[in-house]
Amino acid sequence: MIEIELDGKKVEIAEGSMVMHAAEKAKVYIPHFCYHKKLSIAANCRMCLVDIEKAPKPMPACATPVTQGMVVRTQTDKALKAQKSVMEFLLINHPLDCPICDQGGECQLQDLAVGYGGSSSRYQEEKRVVFHKDVGPLISMEEMSRCIHCTRCVRFGQEIAGVMELGMSHRGEHSEIETFVGHSVDSELSGNMIDICPVGALTSKPFRYQARTWELGRRKSVSPHDSTGANLIVQVKNNQVLRVVPLENDAVNECWIADRDRYSYEALNGADRLTTPMLKQGGQWKEVDWQTALEYVANGLKGVKDQHGANSIGALVSPHSTLEELYLAAGLIRGLGSDNVDHRLRHAEFGKAEGVRWLGLPIAALTQLQRVLVVGSNLRKDHPLFAQRLRQAVRHGAQLNTITSKKLLKDADAWAIRLANAVVTEAGQWAQALANVAAAIAAEKGVTAPVAGQATPEAQAIAKSLLGGERKAVLLGNAAAHAANAASLLALANWIAAQTGASVGYLTEAANTVGAQWVGAQPQGAGLHAGQMLAGGLKAAVLLNVEPADTAAGAAAAAGLNQAEMVVTLSPFKTNLDFSDVLLPIAPFSETSGSFVNAEGRVQSFHAVVKPLGETRPAWKVLRVLGNLLGVSGFDFESSQEVLAAATARAPNLSNATQAAIRLDAPAGEPVSAAIYQLDGLVRRAPSLQLTADAREGVAA
């Protein structure tokens, strides 16, 4: 540690740190534009000039290393004069459009100009004009004349997103930030460029001109999409969600969110919303009141139970539902005497799991890994924020290995991460590829392999990688979890992890995949699994946030469900119209309180940010009332917090253990995994996301 003096205070800071880092530790604010704590240092805005004793001129705090005994002053005339001079140069060409700028109220340049800018300009020449660019449906680059060339967006693309989509062309006053040869910005993390832009050069295209920042209410929430559980700030006006931005949490999502977390809110305000209960009568849909709809459902389920038995009733539940909703849905079905409840909608194998499948380590630890093997994942698109953390690990020397398919890894650059070794083969061959790695490890260590395999050169390279380093993990992706021999893949992963000192875990598909297992939203005994229920195994089906597109069966699921005498759909949207008998409008994540359990087993609760739309009701309330009407015991809850307490009364056994017999053969064909913007009903109904390159590729695939 090195001790310096900063504005008269003694500050201890690690050797190699910059003056800016010491200022952050001492909570001393130094004005800046180009510096960002998560990005490399560029030192090109010069706004952070400070007075350092014995230095002949002001020095940039972001790029000046600390030395023992250094004396730094941030408020001397020398420092302030330098900072005001920089501000004067920045404002020479900056347009005078603050009254109409979408960044107004959130603009760093505007804020700092109050303290460091002059009341008038000495320059009378014309301001430069930069032509606008069209870079896609998410980011607006209509006012690039505002750009101050801090290059935060450029560095974000290179270092965090892994793709240099923006760069600077030309020199001097002709410099421009742009894409090259007319490309669009297609990164799945692109919206973060808007957040880190210190001026109004990059703005949100869907949010553009919707509201001024001071008109918006701000409420905390949690992403309902992938298993990161990204923390959000949802911004609302007139009981309508208008914008979503990240809430910083270094343990989960740092200060980033994926584009689907940011833009899926468009679906909340779409024309597809279901706002009133509906019954199908004589083939025609009619709006009814809640009492009529709930009594119809309760009487229908009683009738099916009396005529066909409790085992003819089942529920398919989405792992994007809240912990409270899943707990009550499972409790409702079991209260009727059935064990037919399942969240594993895209799985092809349904063996009884031991414990709760999870990541196997804290999310923050992904950045610290030195050796990683990822099996059966389109890492960058399935889990953008996990991929970002592994990208940082690789930047610091980690080796990332993968066993996956051509569909999931189209080329060596598809993940925007440098791969140490990659075995690209059909999904049916993943178990054999893992067996080959196990054979190579066994040969290296002089132990017996768990199953016959060949130590191919590719397998030996992966084995050598995993046997080196210290912090290691074997991670199974969505496609591996959905595979027809998923248990075998896990058994091989466990053996490899045990021999190499690695952790083993699932990246897990949805916001509440871990939570669904925790509350038993899958058969605990001889109940029908999702595949059997979707194939027509039920007389009465309850669908919680489930559509055919959410299932492995796809469109064929409609035919299977159509065989049931009664289908009840609980959804925020007008969906499943062809085979449902009742539609119950339930609240999306923005209109209900609830909890999600992310991949690392972290329970994160949130409140509603707006009032339910129309006659929409929180699903936990709907399920509670149905339980009361059906006489199910234990459904006397007054709040979602009471449901949460009941659901979490017993801590889960977070375990990726398995006793499965390893089989290397598997049916041909790719496991069913959703494309990035087909993951759930919200992203599928977000217009801007459906205009992206990723959405077009997902539909084509």
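For the numbers below, each heavy atom of this structure counts, side chains included, while hydrogens, waters and symmetry mates do not.
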Enquirer: Does the distance from a Lys or Arg side-chain N to an Asp or Glu carboxylate O, for K37 and E248, drop under 4.0 Å?
Expert: yes
Enquirer: Answer yes if the side chains of N192 and R262 hold a donor-acceptor pair under 3.5 Å, and no otherwise.
Expert: yes
Enquirer: Show the numbers, then the answer: is there a side-chain contact (heavy atoms from CB on, under 4.5 Å) between L400 and W415?
Expert: CA-CA 11 Å; L400 178 60; W415 287 2; 4.2 Å; yes
Enquirer: Run T513 and T508 through side-chain hydrogen bond (donor to acceptor under 3.5 Å, both in side chains) and show every step you take.
Expert: CA-CA 6 Å; T513 299; T508 72; 5.1 Å; no
Enquirer: Enter the distance from R471:CZ to T367:OG1 here, rounded to the nearest 0.5 Å.
Expert: 10.5 Å
Enquirer: Should D411 and K406 count as an ion pair when the cut-off is N to O under 4.0 Å?
Expert: no
Enquirer: Do L507 and D382 come within less than 4.5 Å of each other through their side chains, counting heavy atoms only?
Expert: no
Enquirer: Can you name the nearest heavy-atom pair linking L489 to A483, along with the distance?
Expert: CD1-CB, 4.1 Å
Enquirer: Just by distance, no angles: are the side chains of T151 and N44 close enough, under 3.5 Å, to form a donor-acceptor pair?
Expert: yes
Enquirer: Please determine whether the number of non-hydrogen atoms from other residues, nucleotides or ligands lying under 6.0 Å from atom CD of E470 exceeds 12.
Expert: no
Enquirer: Nearest heavy-atom pair of A497 and V504: which atoms, and what distance?
Expert: CB-CB, 4.0 Å
Enquirer: Measure the shortest side-chain to side-chain distance between E458 and N436 over non-hydrogen atoms and say whether it is less than 4.5 angstrom.
Expert: no
Enquirer: For the residue pair H32 and Y29, categorise the inter-ring angle as parallel (less than 30°), tilted (30 to 60°) or perpendicular (more than 60°).
Expert: tilted
Enquirer: Assess the side chains of S321 and N545: does a donor N or O sit below 3.5 Å from an acceptor N or O?
Expert: yes
Enquirer: Stepwise, does the side-chain hydrogen bond (donor to acceptor under 3.5 Å, both in side chains) test hold for N378 with S673?
Expert: CA-CA 9 Å; N378 184 355; S673 290; over 6 Å; no
Enquirer: Give me the atom names and distance for the closest heavy-atom approach of I257 to A230.
Expert: CG2-CB, 4.0 Å
Enquirer: Please report the closest heavy-atom contact between L409 and A414, naming both atoms and the distance.
Expert: CD1-CB, 3.9 Å
Enquirer: Supply the atom-to-atom distance F386 CZ to L366 CG, rounded to the nearest 0.5 angstrom.
Expert: 6.5 Å
Enquirer: Answer yes or no: is there an ion pair linking R684 with D550, defined by an N-O contact shorter than 4.0 Å?
Expert: yes
Enquirer: May I ask you to check whether over 12 heavy atoms, not counting those of K25, lie within 6.0 Å of atom NZ?
Expert: yes
Enquirer: Take a 6.0 Å sphere around CZ of R418 and say whether it holds more than 12 heavy atoms from other residues, nucleotides or ligands.
Expert: no
Enquirer: Can you confirm whether L475 sits close enough to Y506 that some side-chain heavy atom of one is under 4.5 Å from a side-chain heavy atom of the other?
Expert: no
Enquirer: Over all heavy atoms of both residues, which pair between D259 and S190 is shortest? Give the atoms and the distance, please.
Expert: OD2-OG, 2.7 Å
Enquirer: Is it the case that the ring center of F596 lies less than 6.0 angstrom away from the ring center of F589?
Expert: no
Enquirer: Are E254 and Q388 close enough, and set up right, to give a side-chain hydrogen bond (donor to acceptor under 3.5 Å, both in side chains), and what steps lead you there?
Expert: CA-CA 10 Å; E254 300 178 273; Q388 183 276 130; 2.9 Å; yes
Enquirer: Let's go through K38 and D250 carefully: what are the C-alpha distance in whole Å and the side-chain angles of both, what is the deciding distance for salt bridge (charged side-chain N to carboxylate O under 4.0 Å, His left out) to 0.1 Å, and is it a yes or a no?
Expert: CA-CA 11 Å; K38 296 292 184 180; D250 271 343; 3.2 Å; yes
Enquirer: Any donor-acceptor pair under 3.5 Å linking the side chain of S377 with the backbone of V374?
Expert: no
Enquirer: Apply the side-chain hydrogen bond (donor to acceptor under 3.5 Å, both in side chains) test between H482 and each candidate in E670, E509, E349; give the one that qualifies.
Expert: E509
Enquirer: Please say whether more than 12 non-hydrogen atoms of neighbouring residues, nucleotides or ligands are located less than 6.0 Å from CD in E444.
Expert: no
Enquirer: Does NZ belonging to K464 count more than 12 external heavy atoms closer than 6.0 Å?
Expert: no
Enquirer: Where does the angle between the aromatic ring planes of F350 and H529 fall among parallel (under 30°), tilted (30 to 60°) and perpendicular (over 60°)?
Expert: parallel
Enquirer: Is it the case that D186 and S184 place a side-chain donor and acceptor less than 3.5 Å from each other?
Expert: yes
Enquirer: Please round to the nearest 0.5 Å and tell me the distance separating atom CZ of R380 and atom CG of L408.
Expert: 14.0 Å
Enquirer: Would you sort out whether R260 and D226 count as a salt bridge (charged side-chain N to carboxylate O under 4.0 Å, His left out), showing the intermediate values?
Expert: CA-CA 9 Å; R260 63 183 167 203; D226 66 36; 3.1 Å; yes
Enquirer: CZ of R152 to OG of S40: how many Å apart, nearest 0.5 Å?
Expert: 12.0 Å
Enquirer: So, S465 and N401: side-chain donor and acceptor under 3.5 Å apart, yes or no?
Expert: yes
Enquirer: Going by atom types only, do S488 and R663 share a side-chain donor-acceptor pair under 3.5 Å?
Expert: no
Enquirer: What about the rings of H343 and W518, do their centers lie closer together than 6.0 Å?
Expert: no
Enquirer: Would you name the heavy atoms of S223 and D261 that are closest together and state the gap between them?
Expert: OG-OD1, 2.6 Å
